[in-house]
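Reading through the structure tokens given below for one structure.
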Amino acid sequence: MKSVALRFNFEFNRVYRYGKFATGRYLSVHVLKRREGTTQSGYKVDPELRRTGFCANKKELGAVGRNRARRLMRESYRQLEDKLPTGYDYVFTLKAKGGIPDFHELSTDMGKCLSRLDLIDGVSV
RNA sequence: CGGGCAGGCCGAGACGAUCGCGGGCGCCACAGUACGAAAGUACGGCGCAUGAGGAAAGUCCGGGCUCCACAGGACAGGGUGCCGGGCAGUUCCCGGUGAAGGCAACUUUAAGGAAAGUGCAACAGAAAAGAAAACCGCCCGAAAGGGUAAGGAUGAAAAGGCGAGGUAAGAGCUCACCGGCGGUGUGGAGACAUACCGGCCUUGUAAACCCCAUCCGGAGCAACGUCGUGGAAAGGCAUAUCGUGGUCCGCGAGCCUUAGGAGACGGCUUGAACGUAUUAGAAAUAUUACGUCUAGAUAGAUGAUCGUCACAUACAGAACCCGGCUUACCGGUCUGCACGGAAA
RNA sequence: ACCCUUGUCAUUCAAAGGUAGGAUAGCUGACUGUUAAUCAGAUAAUACAGGUUCAACUCCUGUCGAGGGUG
């Protein structure tokens, strides 16, 4: 087990406020390196863990569209997961203007964003 | 054949391969982590079957379930409103009656009471509600004035309609028919239908107040129940122990209880369930028999790639659970009916 | 997921069954050497769809949108 989901609003806010971000054509990525001893529900978070959150705007997409967006982003993340460093919190947000993109376009877009943040080698994507 | 009417069924397009996700069951402890001497257990590994809808939606009704409140009655407030049946129950469903629309099939219908009472009916119009009223008209009259509701004019609506008699002119003033009201008879379970008789009969609005009949306690799974570490809260115990201190009080630590914020677990899926047959019924529906188990997540599980077929793929995602209603929707398909045309 | 409130000119408030009305902003004209202020004028709205009524912003029903609350 390498990844676990972000749960609470303050965790997302922490990533948005203190983390770095990059914006692509279809999505934006926020990343924060967790400090030592970060807790979740009273328990210490394993520093070898990656934590992720996948977001979509409720005003632009219905429940079906949001599920679709999360699935596409989760699948893209799954293929890139082993190359990403551990101990970080990631938040991916889909920009739904103009509809939900194709999987391949979304996947390459995610790779570009992550390489721009120097978290991944841009060559392999 | 054409354009219609009504009803039913299906609907993440289907199949295969590789990787991946949720809960369930079985096996494993071989690999990794933790506790263990080990066995084993948790996170795990492997395998198997399984995994969103007809509307899951809107939250408009009705329930189940949970907590709170509760002697009994009345008022207030709110819902419903033709008749009969169905249902756990309903603002639902089925059948019927009346009314409106359509050539028809058929559709729509909050459809009790206006003679219990109150209100309102703008503008226009003589008059908008006590059988009241006279602007034009008609008649009588020299005039003043009177008679008159047929006709005109106003209006959404003008005091039953229409024809004949009658008259100075007219008028239910009289009569036939029609409409309405009341009574009686007949048919029907009833709403009602129909026949006869009667007197001559004051509009609309109750989705205005109201009257009559009938029903209704409140909140909602973020309900509610159990547990609740570190740190923080309240009360008590004991100073027997430790720290501070020469000693006591005190303070801190300690022990117990309460409460319970974060959080965890339960509630969480077998139910007025579904399928097939049978019997009763005009139908909704009900009875009986057999069979089936069919998501339970907790930031929220169905995706990606490739191949073949089809190529148009809509609306759209369970969140405590059911029964209805309403709304959104690419299409496919089946059944029945009426009208028009053609042919026989 | 559940519960509640609300919808009228571009903005902000009225009208509560009978001609949708102000104020601000914008437009046109007048006044002025010019602008402001002032005066006059026109434009502009009942979220949408049905129903009740002679007549609906108002009453009833259903959609759509906006806002808020509950861990």
Side-chain angles (χ1 to χ4, degrees):
Chain A
M1 188 183 72
K2 310 267 174 23
S3 298
V4 79
L6 288 170
R7 291 194 60 194
F8 299 99
N9 200 21
F10 67 86
E11 293 175 332
F12 280 86
N13 283 335
R14 193 158 58 203
V15 176
Y16 287 137
R17 289 183 61 183
Y18 302 115
K20 298 185 291 185
F21 73 96
T23 308
R25 185 180 175 81
Y26 302 110
L27 54 79
S28 60
V29 184
H30 289 71
V31 182
L32 176 67
K33 183 170 174 58
R34 278 200 308 281
R35 287 187 300 190
E36 199 69 22
T38 306
T39 58
Q40 183 183 37
S41 306
Y43 300 101
K44 281 196 176 177
V45 177
D46 189 348
E48 290 299 308
L49 226 50
R50 305 184 192 89
R51 298 199 300 176
T52 55
F54 300 96
C55 302
N57 193 343
K58 194 173 183 179
K59 294 205 173 182
E60 291 167 357
L61 294 169
V64 174
R66 292 200 300 277
N67 275 339
R68 172 84 185 155
R70 276 201 293 266
R71 282 167 191 157
L72 289 175
M73 288 192 287
R74 194 179 293 130
E75 179 68 19
S76 303
Y77 169 78
R78 193 177 67 80
Q79 295 183 0
L80 298 167
E81 187 178 13
D82 293 338
K83 302 165 187 168
L84 291 170
T86 56
Y88 282 79
D89 288 345
Y90 302 90
V91 175
F92 302 92
T93 306
L94 188 83
K95 296 196 285 187
K97 295 275 173 59
I100 299 172
D102 185 63
F103 171 77
H104 295 288
E105 301 177 19
L106 186 83
S107 183
T108 52
D109 202 40
M110 183 182 281
K112 281 181 194 168
C113 288
L114 289 170
S115 64
R116 205 178 305 159
L117 292 166
D118 297 328
L119 295 169
I120 192 172
D121 297 334
V123 187
S124 60
V125 179

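Convention: sequence-line order gives letters A, B, ...; per-chain numbering from 1.
For A318(B) and U5(C), the C1' atoms lie 29 Å apart once the distance is rounded to whole Å. Only the C1' atoms considered, G172(B) is 39 Å distant from G81(B), to the nearest whole Å. Distance check on atom P: G71(C) versus A69(B) gives 22 Å, rounded to whole Å. Spacing between A56(C) and G2(B) at atom P, rounded to whole Å, works out to 44 Å. A283(B) and U278(B) have their P atoms separated by 15 Å, given to the nearest Å. Comparing the C1' positions of A16(C) and A122(B) gives an interatomic distance of 16 Å, to the nearest angstrom. The gap from the P atom of C106(B) to that of C5(B) amounts to 14 Å, rounded to the nearest Å. Look at the P atom in both C209(B) and A128(B): the space between them is 26 Å, to the nearest Å.
Atom CE in M73(A) sits about 19 Å away from atom P in C21(B), given to the nearest Å. In this entry the distance linking CD of E105(A) with C1' of A304(B) reads 15 Å, nearest Å. Protein atom CG of L106(A) is 11 Å distant from nucleotide atom P of U305(B), rounded to whole Å. Atom CZ in R78(A) sits about 12 Å away from atom P in A304(B), given to the nearest Å. For the pair R74(A) CZ and A297(B) P, the computed distance is 16 Å after rounding to whole Å. Whole-Å rounding puts the M110(A) CE to G303(B) C1' distance at 13 Å. Between Y77(A) atom OH and C21(B) atom C1' there is a gap of 15 Å when expressed in whole angstrom units. Between the C1' atom of A319(B) and the CG atom of N67(A) lies a distance of 12 Å, rounded to the nearest Å.
Pairing of G13(B), defined by two Watson-Crick or G-U wobble distances under 3.5 Å, is identified with C309(B). Pair assignment for A74(B): none, as no Watson-Crick or G-U wobble contacts are both less than 3.5 Å. The partner of U11(C) is A23(C), by the rule that a Watson-Crick or G-U pair needs both atom distances under 3.5 Å. Figure legend. U285(B) is base-paired to A280(B); pairs are counted as Watson-Crick or G-U wobble with both atom distances under 3.5 Å. The partner of G36(B) is absent, by the rule that a Watson-Crick or G-U pair needs both atom distances under 3.5 Å. Searching all strands for a Watson-Crick or G-U wobble partner of A213(B) with both distances below 3.5 Å returns U80(B). In this structure, A99(B) forms a base pair with U108(B), meeting either the Watson-Crick or the G-U wobble geometry with both donor-acceptor distances under 3.5 Å. Applying the Watson-Crick and G-U wobble criteria (two distances, each under 3.5 Å), C5(B) pairs with G336(B).
Within 90° of 0 lies the glycosidic angle of A52(B), which makes this nucleotide syn. Glycosidic conformation of G54(B) is syn; the angle stays within 90° of 0. Base orientation of G199(B): anti, since the glycosidic angle falls outside 90° of 0. Because its glycosidic torsion is within 90° of 0, U294(B) is reported here as syn.
Side-chain proximity of V64(A) to G303(B), A316(B), U302(B): nearest is A316(B). Taking every side-chain heavy atom of F103(A) into account, U305(B) is the closest of U305(B), G317(B), G303(B).
Checking the phosphate oxygens (OP1, OP2) of A304(B), a side-chain nitrogen or oxygen of R68(A) falls inside 4.0 Å. OP1 or OP2 of A304(B) has not a single side-chain nitrogen or oxygen of H104(A) nearer than 4.0 Å.
Few gaps surround OH on Y16(A); more than 12 heavy atoms of other groups in view lie less than 6.0 Å from it. Annotation: F103(A), atom CZ; neighbour count of heavy atoms from other residues, nucleotides and ligands within 6.0 Å is above 12.
Screening L114(A), L84(A), L72(A) against Y77(A) for a side-chain contact (heavy atoms from CB on, under 4.5 Å) leaves a single residue, L84(A).
Heavy atoms of R66(A) sit nowhere under 4.0 angstrom from any nucleic acid atom.
Residue R71(A) places a side-chain atom within donor-acceptor reach of the base of G317(B), judged by atom type and a 3.5 Å distance cut-off alone.
In terms of heavy atoms, M110(A) sits closest to M73(A) at CE-O, 3.7 Å. For the pair D109(A) and L27(A), the tightest heavy-atom approach, listed with the atom from each and the gap, is OD2-N, 3.5 Å. The two atoms that bring C113(A) and G24(A) nearest to each other are SG-N, 3.4 Å, heavy atoms only.
A cation-pi contact, defined as under 6.0 Å to the ring centre and within 45° of the axis, links R74(A) to F54(A).
Side chains of T108(A) and H104(A) form no contact here, defined as non-hydrogen atoms less than 4.5 Å apart.
Nearer to the 5' terminus of RNA chain B, by closest-nucleotide assignment, is the contact made by G53(A) (compared with the other of G65(A) and G53(A)).
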